[in-house]
Asks: 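Take this structure first; my questions come after.
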Protein chains: 2
Amino acid sequence: MQNKKITIQDIANYTNISVGTIDRVIHKRGKVSPDKRKKIEEAIDKLNFNPNLLARTLALGKDFFVCVLIPTETYPGQYWSLPKRGIEDAGAQFKDFGIITKRYLFNLFDESSFIAQTNSILDLNPDGVILAPLFTKESSLFVEKLKERNIPYVFIDSNIPELDSLSYIGPDVKQSGFIAARLLNSVIRSDKKALILNMFKGIENSSALSQIEAGFRNYYKENGINGSNIQVLTINSTDKEIVFRELTKFYIKNKEITGVFVTNSEAHLVAEFHTLHEINIRVVGFDLVKENIGGLKLGGIDYVISQSPVQQGYRALQTLFKLFLYKESPVKIQYVPLDIIIKENVDFYIDFYSQT
Amino acid sequence: MQNKKITIQDIANYTNISVGTIDRVIHKRGKVSPDKRKKIEEAIDKLNFNPNLLARTLALGKDFFVCVLIPTETYPGQYWSLPKRGIEDAGAQFKDFGIITKRYLFNLFDESSFIAQTNSILDLNPDGVILAPLFTKESSLFVEKLKERNIPYVFIDSNIPELDSLSYIGPDVKQSGFIAARLLNSVIRSDKKALILNMFKGIENSSALSQIEAGFRNYYKENGINGSNIQVLTINSTDKEIVFRELTKFYIKNKEITGVFVTNSEAHLVAEFHTLHEINIRVVGFDLVKENIGGLKLGGIDYVISQSPVQQGYRALQTLFKLFLYKESPVKIQYVPLDIIIKENVDFYIDFYSQT
DNA sequence: TTCATTCGTGTGTGCGAACACATATTTTAT
DNA sequence: ATAAAATATGTGTTCGCACACACGAATGAA
């Protein structure tokens, strides 16, 4: 493995060219004669020189401000505490390198809070932004201004391809629907009825939902299962009482449902409903939130699909870090693993990522 | 947010004492008069001074040698390339901090190669060791010497609790068997016969195998399934021809098998056998090696359980890094996630961890 | 009292890279 | 041909810290 560390001085000695000139080719700063440039580039390549990040950071003395725009967690153990943790982990690791992060939280059900925060961010004029572009129109406006100022931004959790972020780090939502269908069909007979249950209040970006549903249906198509076995119910709330009422209503009319796919992180609500009424319907849901962990353990939820939330946050900040300090451009799309969580492996996911 | 970073010089200005003396109290080096010491300590406290880790590392110029003792990749397939990658990733990230890693590869089927490498490592007298303690007795001897010299060592992949490593980073093997049973029973009827298939040549640590089997049986017990549905076959080779022959022999005598759990990373062999002979038997196996990925995609393997191999390597080196530079002691056991891999999510695992 | 220790303290150099500035070399204009 | 402009390259300082070294003052032994 790599033993000696090569420094600029080593390159200078090797090529008989001063460190200043070498610095110029590294940073593409100033003019350098073609032959020297070539010689230097070859030497860098041959000796496998990589600038010492510590020295670079120290000499630069520059701070990089990164603003993080994500939803508030209405209560702890909520979904968004996980990407947040990933960002914090990365932040701790990179803080000596001058990376300073600042969180801007918005209300998931209130675009105006989102807009307000984007304005605060623009006031600070940071070096980079991490955001969950959950409001399409507002995100578009925001991003436009970032672009004007040449501020790089990465999307997490959900993507808007047209907005051309530096990178998207999050799930392949369509595939997540596909997997949900596969998992659900492994616990119900595929000639039985399945329910896709959407719950939301306010105006979340519904394109994700339709993508998920498309993926789900796709599984049926590809496996020659009758798509009319799929029913869809949309409840305009996540309030327990309302959800229970709507579910009751629905189940009375549709007694033949044997499995439910809950398209948000509230699968535990459905599980609770089933348990309460001693209904034997299988459940597949999303996200490793506290209540779903409970649901898995109690058996009311069969599968949870988790989209590597902690890594999303970590990777997002890491992506900016690499851009700032190495000028390394990331790939445009970084799909995260879609973890299949069951009662038997859930603890490992919790524990492993909570030890920093 | 923290505004200004306080430096030693700031303390010097504030107290009207030279940086040399301040350095002395920070490092408890040399003599300092009580009144100055007090003044300095107060200033450090008041201004909340924290030494800049980058500058410190740079100035110290100290290297930390870490030896990595893992099997060569010749067999089983590519598995060990994954932990290796994790270590390399971490190595790249920490190299500027003076972490220097060196690999020592041993032959999985030859203890003497293991012993030889442990001797080389002892010759180098490193600051830390990462090892896969696959040979119990030899590892014990090695570790004893490390202990004498106060060299910290972390285990990956497989644990020997008695040997009291700094930390173990790897799977909960028993639980992995349990999960395998659950997954297999989700694709076969649990009143049907299942086969646990062990394959190995040479002297791998068989305690892992028996743990896995115990976990598998445990699932049956806990779920009230008749344990006599489980059969066990052990083949003393991973050679395709021999495996095929033994499988043929076994299947002829045991026609009622509907599912196989392969306890090493050679599930693809079994899948291939089934395909070749057009046998409809479901397969669950371990490890995301190339051939198993193929097996998943072709459908011959239903589930693969992957034990976060890349993270194992990464976390192992990270653990030593934190010990060296922050004097931070890790938790004794760091179980990694047991990922459930299916055809539909396999690509995400491959891609996400190959982009460094 | 004198010289040698010991103690207490300040100064200077180096770690590797970035950047400003100074200097050398070539090109262009007159 | 020569000055001016443009280009190419080298030098020196800085970042924050660790550590070696220098040097004066206090202490002790003779």
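Chain identifiers are assigned alphabetically (A, B, ...) following the order of the sequence lines, protein sequences preceding nucleic acid strands; residue numbering begins at 1 within each chain.
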Asks: Main chain of B:S165, side chain of B:K332: is a donor-acceptor contact present, judged purely on distance under 3.5 Å?
Replies: yes
Asks: Working note: A:Y104 + A:L124, criterion side-chain contact (heavy atoms from CB on, under 4.5 Å); need CA distance, chi angles, decisive distance, verdict.
Replies: CA-CA 12 Å; A:Y104 292 79; A:L124 181 63; 3.6 Å; yes
Asks: Heavy atoms under 4.0 Å is the rule here; annotate nucleotides 13-24 of chain C 5' to 3' with B where the base is hit, S where only the sugar-phosphate is, and - elsewhere.
Replies: -BBBBBB-----
Asks: Could you tell me whether B:D96 and A:R56 make a salt bridge, using a distance below 4.0 angstrom between a side-chain N and a carboxylate O?
Replies: no
Asks: Would you say B:S33 places a side-chain N or O within less than 4.0 Å of OP1 or OP2 belonging to C:dT9?
Replies: yes
Asks: Provide, to the nearest angstrom, the distance between the NZ atom belonging to A:K62 and the C1' atom belonging to D:dG16.
Replies: 19 Å
Asks: Given C:dG10, is OP1 or OP2 found less than 4.0 Å from the side-chain N or O atoms of B:T21?
Replies: yes
Asks: Do we see a donor-acceptor contact under 3.5 Å between the side chains of A:E42 and A:Y14?
Replies: no
Asks: Rounded to whole angstrom units, what separation is found between the NZ atom of B:K36 and the P atom of D:dA25?
Replies: 13 Å
Asks: Do A:K145 and A:F142 form a cation-pi contact, if we require the NZ or CZ to be under 6.0 Å from the six-membered ring centre and within 45 degrees of the ring's axis?
Replies: no
Asks: Start with the C-alpha gap between A:Y349 and B:D339, add the side-chain angles, then the distance that decides, and say whether side-chain contact (heavy atoms from CB on, under 4.5 Å) holds.
Replies: CA-CA 9 Å; A:Y349 287 89; B:D339 294 320; 2.3 Å; yes
Asks: What's the shortest heavy-atom distance between B:L53 and B:T57, and which atoms?
Replies: O-OG1, 2.7 Å
Asks: Taking only side-chain nitrogens and oxygens of B:K31, does any of them come within less than 4.0 Å of OP1 or OP2 of C:dT9?
Replies: no
Asks: D:dA18 P sits how many Å from B:L325 CG, rounded?
Replies: 12 Å
Asks: Using C1' atoms of five pairs at each end, report the bend of the helix from C:dT1-D:dA30 to C:dT30-D:dA1 rounded to 10 degrees.
Replies: 60°
Asks: Starting at atom CG of A:D35, determine the distance to atom P of C:dT26, rounded to an integer number of angstrom.
Replies: 11 Å
Asks: Within the side chain of B:R315, is there an N or O that forms a donor-acceptor pair under 3.5 Å with the backbone of B:V336?
Replies: no
